[in-house]
Amino acid sequence: NLGYLPEILDRYHRLTQKITEILETGIEEHMIKPLVSQIMTLALEGLLRVYIERCCRESAPKRNLQEEEQLFQLFLKGAAQ
């Protein structure tokens, strides 16, 4: 269990399952590229985790909506032009 409390792991699994379901719906409705939804969930989780960890290291963390939008666009559209 990687040292996490069972309730934390349960919440994590429910969250990632919900993200995967949302992505699968987007794939079915041709709104998202037909990639493996579990891999896309992992990629999104990685982006979010690194961003949150960076914010938590700041002495006075606050949301940066511009950075959050850029992360969202990076996930949706990628970095290539």
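Starting from 1, each residue takes its place in the sequence as its number.
Closest heavy-atom contact between Cys55 and Pro61: O-CB, 3.1 Å. When all heavy atoms of Ile27 and Pro34 are compared, the pair lying nearest together is CG2-CA, 3.9 Å.
A 6.0 Å sphere centred on CZ of Phe75 holds more than 12 heavy atoms belonging to other residues, nucleotides or ligands. Counted within 6.0 Å of CD on Glu69, heavy atoms from surrounding residues, nucleotides or ligands total more than 12; the atom is thus considered enclosed.
In this structure, the separation between OG1 on Thr16 and CG on Leu42 is 9.5 Å, given to the nearest 0.5 Å. Note that the CD atom of Glu45 and the OG1 atom of Thr20 stand 9.5 Å from one another [nearest 0.5 Å]. In this structure, NZ on Lys77 lies 11.0 Å from NZ on Lys33, to the nearest 0.5 angstrom. Rounding to the nearest 0.5 Å places CZ of Arg49 at 16.0 Å from CZ of Arg54. Put simply, CZ on Arg11 and CG on Leu9 are 11.5 Å apart, with the number rounded to the nearest 0.5 Å. One finds the CE atom of Met40 at 11.5 Å from the CD1 atom of Ile19 (value rounded to the nearest 0.5 Å).
Val50 and Leu76 are members of different hydrophobic clusters when ILVMFWY side chains are connected at heavy-atom separations under 4.5 Å. Both Leu15 and Leu48 belong to a single network of hydrophobic side chains, linked directly or stepwise wherever heavy atoms of I, L, V, M, F, W or Y lie under 4.5 Å apart. Note on Leu47 and Ile52: separate hydrophobic clusters, where clusters join Ile, Leu, Val, Met, Phe, Trp and Tyr whose side-chain heavy atoms are under 4.5 Å apart, directly or indirectly. Residue Leu44 is not grouped with residue Tyr12 when hydrophobic side chains (ILVMFWY) are merged at heavy-atom distances under 4.5 angstrom, including chains of intermediate members. Follow the hydrophobic side-chain contacts under 4.5 Å out from Ile22 and you never reach Leu71; the two are in separate clusters.
Defined by atom type and a distance below 3.5 Å, a donor-acceptor pair is missing between the side-chain atoms of Gln70 and Tyr51.
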